[in-house]
Structures are given as structure tokens and as C-alpha cells.
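Down below is the structure, laid out as C-alpha cells.
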Amino acid sequence: MTDYRGPRGTYDVFPGGGEPQERPELWTFVEDRARELFGLYNYSEVSTPVFEEARLFARTAGEGSDIVVQKEMFTFLDKGEREMALRPEGTPGAVRAYIEHNLYRLAQPVKLFYIGPMFRQERQQRGRYRQHTQIGVEALGTSDPLVDVEVISLLYAIHQAVGVKDEVVYVNNLGDMETRQAYVPELRAYLERHRGELDPDSVSRMDTNPLRTFDSKHEGTQAVLVEAPKISDYLSEEASVHLKAVRGGLEALGIPYEIDDGLVRGLDYYTMTVFEAKSGALGAQDTVGAGGRYNGLISDLGGPDVGGIGFGSGVERMLLAAASQEALASLDVFFVTLAPEARIPAMKLVGALREEGISADLDYGGRGMRAQFKQADRTGASYAVILGEDELARGDCTVRDMASGEELVVPVADGAKDLIWAVSG
RNA sequence: GUGGCCGUAGCUCAGUAGGUAGAGCAUCGGAUUGUGGCUCCGAAGGGCGCGGGUUCGAGUCCCGUCGGUCACCCCA
């Protein structure tokens, strides 16, 4: 037994893995479903580095000098003494690329998707990892509420396609600058009056970002918030119209959702629409995917003053929240060789089948026949092809249908044509 | 970073009042020297996370430490 272990908060994906996120066939399944949908929705892939200058994330994650600590980023200095950080989320990199490569020159909106690892230095728990994978999209260059509808429907479609169970999509509108200017002072004043009933974290947030108090899981705080002023009562005309349009679109498309006044999201750049898809199949970390609109972010980072919206969805959480489907690795043909001289001919036939798109494998253990059949069975092979001394002498092979047990002798002296035919049924 | 729980074969776990480790599954072989999924037989595999202490003697008690897990923080 080795002393080496994967780093805390990480996991491996490997054949035979027990947890959903450890199973390679489930990853393939989710990625394939997502990519199919991205094609259908006309999103193109964007791939950016897993590390960036730390200040890029600080800029997008909110104010405060302790931002690195607060957001639990993995940071390091490169040889040029630049402070770098492993990306904690996908949006900043994608937006940076949009600006850096002037994607504003393309037809707007530019619709991007990414699939890749994100990092956060925090303690592991169910559905939370230090390195996790997000499938996400960013639709940049427009503030049209129908784009919000498309993005939310895409998130929902992906979750449906991979089988996320017991899902509810929550939607809220955090308003624009005008809305915040009207609402935040009211909320802060209200919280101030109940200071004594709040948890310490919420008290300190009262000054920096009172909206975030809604995220608190503290009972006393939540009790206070029940009676708190609601942002929905303070929405500007523009925000109100926007929300109405989003709701109308979701209803027209039949996307089930609920309005949640207390949904504020952790990232400070969100404006207007925010949304979160939760699953009852998860533990405390029940958000499978979430996102929102960020109309000030692109210009803040030096780009044009255009809007954007996106979501990130955790693949590990999708897998945990999906029905644990028994996607058995299945093989078309497994070769059983009963003589050392049969191995080379078997490999040639395996190659011929593979070229035809028929998956095939053979025993590499030099084991007995029983063991080879057992392996054929375990790999889920539809057919076992037997190549022994008799077959070699005759120039044929025996094809066994593993389900029915029926056997057929097929000539292979002149190539694999007949064999291909026999196992194509 | 903080707190609760946990740490015995590859996996799931048992282990009685402390006496020097056991089961099921999986693996490999055989019953069946040309045939899988069932059954039977057998083999291999750990010294109980690590370190220290108490004791004649410790998976079994105590301390520390590391790791895992769940929750808080944060967030997918």
C-alpha cells in the first residue's frame, strides 16, 4: 500500500469507481449530453487557462482586501512575482477572453460554453470538492431578457438530459443600480434594528453587502429576514419589465420555476436576473447549477458596456443528483484463445472488427478457458469468439452468442468478412 | 479555518470483561485438460491509519497526530 494519496478534497475517475463522480462512463454520458445541447442551442466552446492573475477574480468577486481569503482561492506567485490564482469560477476568464480578443466584433450575442475544472480551497463535504468541474455558458453582448430565458432553459435541459432528480429552479431579480440605491438603505436600516438577533457573519455583512445576509443559514437571522423589506417591492421600472419578460418567456417555454425573493447569489457582480437550480437528492450543498446576469462586469473589466449572462453547473453534483444509472461498459466481441498460436490471428481479427466500428477485445492474461469466458461475461460482451487448435486447423472460428448460448462456426481463412457479418446482428 | 462522527483484508463490516484478528463480496485456482452467468471445494490477502502512554499483555483504555466524512464558512 502506498503512502501517497490524492490531495484533500479531490477524487479520481477510474473504471470500477464506486461514487458517481468516480465513474468514467457517467462523465462521458454527461459531457456528451451537454455538448449535444450546446450544438442545438448554437453555443461555441471557449477554453481559457485554469489560472489567471488573481486580481481578475478579485475584480469580479466583490470588494474587500481579504478577497482571496474570503473566496478561498488557491493562489501562488509565479517566477515574476505575479500573484496568480487557480480559477474559482468560469465567468471571469470567459469575459476576459471576450474583451481581449474583441469578440464584440462578432454577431452579438456571443454564446459560449466551457467544461473544465474549478478550484476552491475549502473543506470537502458531500457535493463539494477542492477541484470540481463545471459545465457553464456565457451569453455576452446583450441584455435581452429572452437570452435569460434561453440560458435558464438550457440549464434546465441539461439537467433533464442527464437525469437530475427532484429539481426546482428558483429565480429572482436583483435589479439595477437604481433598484439597489433604493433598496439597500432600507434593508440595512431594517437589519440594524434587529442587530442583536443576527449571527456575527450577517452583522459584518450589513455594512459591506447587506443582500448577502439572505444567504445565512442562521435561524435567528432567517427569522428576522422573513419580515425584511423585499427587493421585489423596490424594483426600478426597467428591472420590473425585465423580470416580467423573463417570467413570460419561462412560462411560454414551460420551464417550471419559482420566484424566490431571498435568492441573492454569492457573486457580487450579479444584476437583474439570478437563478439557481436545486435538487432534493443532494445534501446541504443542494445547488446543482446557478447563474445570473452581470450587466456591469464587461465594462468594469475594460470592455464595451454591454450585458452578459451565464450559468455554471457542477458536474459532480449533477452526477450525485441523477439516478445512478447502471451504464454497464458493454463490448461487442470478446476473443477466447485456446492456444498460444491463436493469439496473433485473434489480434488480427480484433483489428479487423475495430476497423468496422465493432468493439472487440481479447484475453491478455494467458488464462484458462473458464477464466476467459468469465471475463467475456463480465465485460458484457455480446459475442465470444473462440479460436483454438481446432479452429486454427480448419481456418475458422466459433462464434458464441453470450445471451442465447448458440454457437456458429464461421470461416476466417479469407479474412474477417463472415465474422463481421456474424457479429453485426 | 471551526465543530460532530469515523479510521480493522481490494470493498462492506464483525471482533464479546483488554490475551495476541474473522465473515461476506471481489480476486486466483480446481470440480468441468473446449466453454460464462448458478453451485461446491481450495488458495492468496491485513496485524488492526500513524506515534506515544497505561498494562504481564491493546483493534480493544488514554493522549497526540494524520486521514476520511458530515455540517458551518464559502459556493457548483
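Per chain, numbering begins at 1; letters A, B, ... match sequence-line order.
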Look through every strand shown and name the nucleotide pairing with [N] as Watson-Crick or G-U wobble, where both distances are under 3.5 Å.
N	result
B:rU65	B:rG49
B:rU33	none
B:rA26	none
B:rA9	none
B:rA58	none
B:rU20	none
B:rU2	B:rA71

- Looking at B:rG34, does its base get a donor-acceptor pair with the side chain of A:Glu391 below 3.5 Å?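 It does, because a donor-acceptor pair links the side chain of A:Glu391 to the base of B:rG34 below 3.5 Å.
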- Query: Would you say a side-chain N or O of A:Gln372 is under 4.0 Å from OP1 or OP2 of B:rC28?
  - Reply: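 For A:Gln372, the contact criterion (side-chain N or O under 4.0 Å from OP1 or OP2 of B:rC28) is not met.
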- Task: Taking atom types as modelled, find out whether A:Ser202 and A:His218 have a side-chain donor-acceptor pair closer than 3.5 angstrom.
- Result: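 Distance-only check fails for A:Ser202 and A:His218.
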- Task: For A:Ala403 and for A:Gly6, locate the closest nucleotide of RNA chain B by heavy-atom distance; then report the residue assigned to the nucleotide nearer the 5' terminus.
- Result: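 Here A:Ala403 is the residue nearer the 5' end.
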- Which residue, A:Ser216 or A:Asp390, contacts RNA chain B at a nucleotide closer to its 5' end, judged by nearest heavy atom?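 The residue closer to the strand's 5' end, by nearest nucleotide, is A:Asp390.
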Given [options], the nucleotide with the shortest approach to the side chain of [X]:
X	options	value
A:Phe373	B:rG34, B:rG36, B:rC75	B:rG36
A:Ala284	B:rA71, B:rG36, B:rA76	B:rA71
A:Arg370	B:rA76, B:rU32, B:rC72	B:rU32

- With A:Phe335, the side-chain contact (heavy atoms from CB on, under 4.5 Å) member among A:Asp363, A:Asp361, A:Leu353: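 It is A:Leu353, the one option of A:Asp363, A:Asp361, A:Leu353 that forms the side-chain contact (heavy atoms from CB on, under 4.5 Å) with A:Phe335.
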Distance between the [atom1] atoms of [N] and [M], in whole angstroms?
N	M	atom1	answer
B:rG7	B:rC61	P	10 Å
B:rA14	B:rG46	C1'	15 Å
B:rA43	B:rU55	P	41 Å
B:rG49	B:rU12	P	14 Å
B:rU16	B:rU54	P	24 Å
B:rA31	B:rC38	C1'	14 Å
B:rU69	B:rG30	P	40 Å
B:rC75	B:rC62	C1'	40 Å

- Give the rounded distance in Å between these two atoms: CG of A:Leu331 and P of B:rG36.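 To the nearest whole Å, that distance equals 19 Å.
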- Grab the CD-C1' distance between A:Gln375 and B:rA26 for me, whole Å please.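 Answer to the nearest Å: 15 Å.
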- Item | Close approaches to RNA chain B from residues 121-134 of chain A, in residue order (heavy atom, under 4.0 Å) |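 Close to the strand are A:Glu122, A:Arg123, A:Gln124, A:Gln125, A:Arg126, A:Gly127, A:Arg128, A:Tyr129, A:His132, A:Gln134.
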- Message: Could you tell me if the side chain of A:Thr179 sits less than 4.5 Å from the side chain of A:Leu174, heavy atoms only?
- Response: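 SC-SC contact between A:Leu174 and A:Thr179 ruled out.
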- Message: Side chains of A:Val315 and A:Leu319, heavy atoms from C-beta outward: is any pair under 4.5 Å?
- Response: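 Yes, their side chains come closer than 4.5 Å.
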- Please name the pair of heavy atoms, one in A:Arg265 and one in A:Arg212, separated by the smallest distance, quoted to 0.1 Å.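 Heavy atoms of A:Arg265 and A:Arg212 come nearest at O-CD, 3.5 Å.
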- More than 12 heavy atoms of other residues, nucleotides or ligands under 6.0 Å from OH of A:Tyr11: is that the case?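 Buried by this count: over 12 neighbours within 6.0 Å.
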- Got more than 12 heavy atoms from elsewhere within 6.0 Å of CD, A:Glu100?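 Atom CD in A:Glu100 is packed in, count exceeds 12.
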- Hey, would you say the A:Tyr43 and A:Phe113 ring centroids sit under 6.0 Å apart?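 No, the ring of A:Tyr43 stays outside the 6.0 Å limit from the ring of A:Phe113, centre to centre.
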